[in-house]
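Computed from heavy atoms alone, side chains included, the values below leave out hydrogens, waters and symmetry copies.
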Amino acid sequence: MGAPSHPSQLLLLLGVFLLVLLLHLSSWSLRQPGVGRGGELRGVQSAQPAARLPCTLAPCAWEGHRPKEGEGEEQPSPAPAPAGTPTAPLPLWGEEDFDIRQLQRAFSASLSPQGEILLGEYLHGWGQLLKLTDALGPAFGLISREAQSKISIMQWHQQGPQGPHYRTVQSMVDFELTSGLVGFRSLPARLPPSGCRTLLRLHRTLKWLELFLRRLGASREDESPSRMCAEAYRLALAPYHSWWVRQGAALAFLALPSRRELYHTILRVEQLAAGALVLTTVESLGRVYNVTQEVYSAHGMLDLP
């Protein structure tokens with residue numbers, strides 16, 4: 001096959017190269033041990049979220065763990081764990097494709113009548129959002145994997161000994177502020193990843209997807225989803241990403257299908273009903289986002305590092 005001569009072909013090849021490079025660098029960084037900035041847990045693979053964060057090299061004081069004599073040597077098969085021991089969290093979703101109705105129900109259920117954000121339901125909603133980003137194409141893998149790593153950390157908190165404090169966003173914020181686990185400037189390595197910092201990353205990404213779906217639901221048939229998604233990203237997420245990630249995202253948006261394809265292939269509804277369904281879902285996302293925004297704003301945590 002000859003060399004590409006059309007400018008769009010050259011741009012596509014360049015985009016593929018940059019995205020492969022970004023995904024390679026991202027997967028390399030996720031394999032590094034320890035806890036990174038913003039509460040990201042390096043070394044935890046998103047496909048298999050762990051219920052317990054591993055200690056490396058030295059004992060983890062925050063786990064209440066001290067090595068015993070002979071620890072690390074080959075041991076006989078352990079007895080069944082006692083009741084209450086954290087186990088690997090169950091998958092947040094089944095094998096079925098993205099379902100916008102399930103997305104709407106999950107986020108609607110995550111806001112209690114008392115105005116609390118229920119983290120379990122919130123994470124179930126994020127399971128559907130990850131299916132959406134997967135359905136949009138492999139070019140969204142970088143953002144999808146980053147969100148999955150944050151979900152794994154939040155699951156670990158809920159499964160751990162302090163799990164009751166992570167039932168709602170409000171109870172998590174109160175607990176971590178009282179316990180000195182937020183780290184407004186930095187978080188010591190001896191402490192677990194901050195749930196508040198971790199959720200903030202999901203919170204920002206939620207705004208991007210909310211804005212995109214809002215524009216999609218109110219769009220005309222001839223409008224470009226690529227342009228809508230890029231504009232939503234520019235407003236919600238781009239200020240928090242490096243130059244390389246921003247360029248990779250911009251190229252990924254060019255691969256988005258047309259509006260008609262989005263409605264029929266991903267949303268699986270007729271265009272006449274799609275707009276109203278999308279906007280109903282957006283309202284549920286927006287209510288959850290606004291309450292979370294108020295909680296973080298009240299404690300001066302919208303700009304956590």
List the steps, then state whether side-chain contact (heavy atoms from CB on, under 4.5 Å) holds for I117 with T168. CA-CA 5 Å; I117 303 297; T168 71; 5.7 Å; no
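- For the pair Q148/S152, a side-chain contact is recorded, criterion being any heavy-atom separation below 4.5 Å from C-beta on.
- For the atom pair CD of Q102 and CG of D97, the computed distance is 12.0 Å after rounding to the nearest 0.5 Å.
- In this structure a side-chain-to-backbone donor-acceptor pair under 3.5 Å is present from H157 to P193.
- At distances below 3.5 Å, not a single donor-acceptor pair connects side-chain atoms of R234 with backbone N or O atoms of C229.
- Checking side-chain atoms of E231 against main-chain N and O of M228 turns up no donor-acceptor pair under 3.5 Å.
- In this structure the side chain of V278 reaches within 4.5 angstrom of the side chain of V282, judged on heavy atoms.
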Applying side-chain contact (heavy atoms from CB on, under 4.5 Å), run through L123 and Q158 and close with a yes or a no. CA-CA 11 Å; L123 295 178; Q158 289 196 310; 3.7 Å; yes
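- For R204 and Y240, the positive end sits near the middle of the six-membered ring, less than 6.0 Å away and at most 45° from its axis.
- Residue pairs that meet the salt bridge (Lys or Arg N to Asp or Glu O under 4.0 Å) test with at least one member in residues 159-174, sequence neighbours left out, are E116-R167.
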Carefully, step by step, assess I151 and L130 under the rule side-chain contact (heavy atoms from CB on, under 4.5 Å). CA-CA 10 Å; I151 292 172; L130 287 181; 3.6 Å; yes
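- Atom CG of L285 sits about 8.5 Å away from atom CD of Q104, to the nearest 0.5 Å.
- Here OG1 of T198 is found 4.0 Å from CD1 of I153. Values are rounded to the nearest 0.5 Å.
- Atom CD1 of I100 sits about 4.5 Å away from atom CG of L277, to the nearest 0.5 Å.
- In this model, a donor atom of one side chain and an acceptor atom of the other lie less than 3.5 Å apart for H203 and Q293.
- A side-chain donor-acceptor contact under 3.5 Å links Y296 to the backbone of C196.
- Between the side chain of R259 and the backbone N or O of S219, at least one donor-acceptor pair lies under 3.5 Å.
- The closest side-chain heavy-atom distance from Y233 to L211 is not below 4.5 Å.
- Distance check: T292 OG1 to L200 CG gives 10.0 Å after rounding to the nearest 0.5 Å.
- Side-chain atoms of S194 and E176 form a donor-acceptor pair, as typed in the model, at a separation below 3.5 Å.
- For P225 against L256, the heavy-atom pair with the smallest separation is O-CD1, 3.6 Å.
- In terms of heavy atoms, A147 sits closest to W126 at CB-CZ3, 3.9 Å.
- In the hydrophobic cluster analysis, where Ile, Leu, Val, Met, Phe, Trp and Tyr join through side-chain heavy atoms closer than 4.5 angstrom, L119 is grouped together with L177.
- For the atom pair OG1 of T205 and CG of L129, the computed distance is 9.5 Å after rounding to the nearest 0.5 Å.
- No continuous path of ILVMFWY side-chain contacts below 4.5 Å connects L118 to V169, so the two sit in separate hydrophobic clusters.
- Under a 4.0 Å N-O distance rule, the pair K150/E146 qualifies as a salt bridge.
- In this structure F175 satisfies the ring pair (Phe, Tyr, Trp, His ring centres under 6.0 Å) test together with H165, Y166, sequence neighbours excluded.
- Y122 and S110 make their closest contact through N-CB, 3.6 Å (heavy atoms, listed as atom of the first residue, atom of the second, distance).
- Closest heavy-atom contact between F184 and P305: O-CD, 3.2 Å.
- Among pairs with a residue in residues 283-305, those fulfilling salt bridge (Lys or Arg N to Asp or Glu O under 4.0 Å) read R214-E283, at least two apart in sequence or across chains.
- The nearest pair of heavy atoms linking A218 to L279 is N-CD2, 4.3 Å.
- For V182 against R197, the heavy-atom pair with the smallest separation is O-NE, 3.0 Å.
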Let's go through Q128 and F107 carefully: what are the C-alpha distance in whole Å and the side-chain angles of both, what is the deciding distance for side-chain contact (heavy atoms from CB on, under 4.5 Å) to 0.1 Å, and is it a yes or a no? CA-CA 10 Å; Q128 285 294 326; F107 274 94; over 6 Å; no
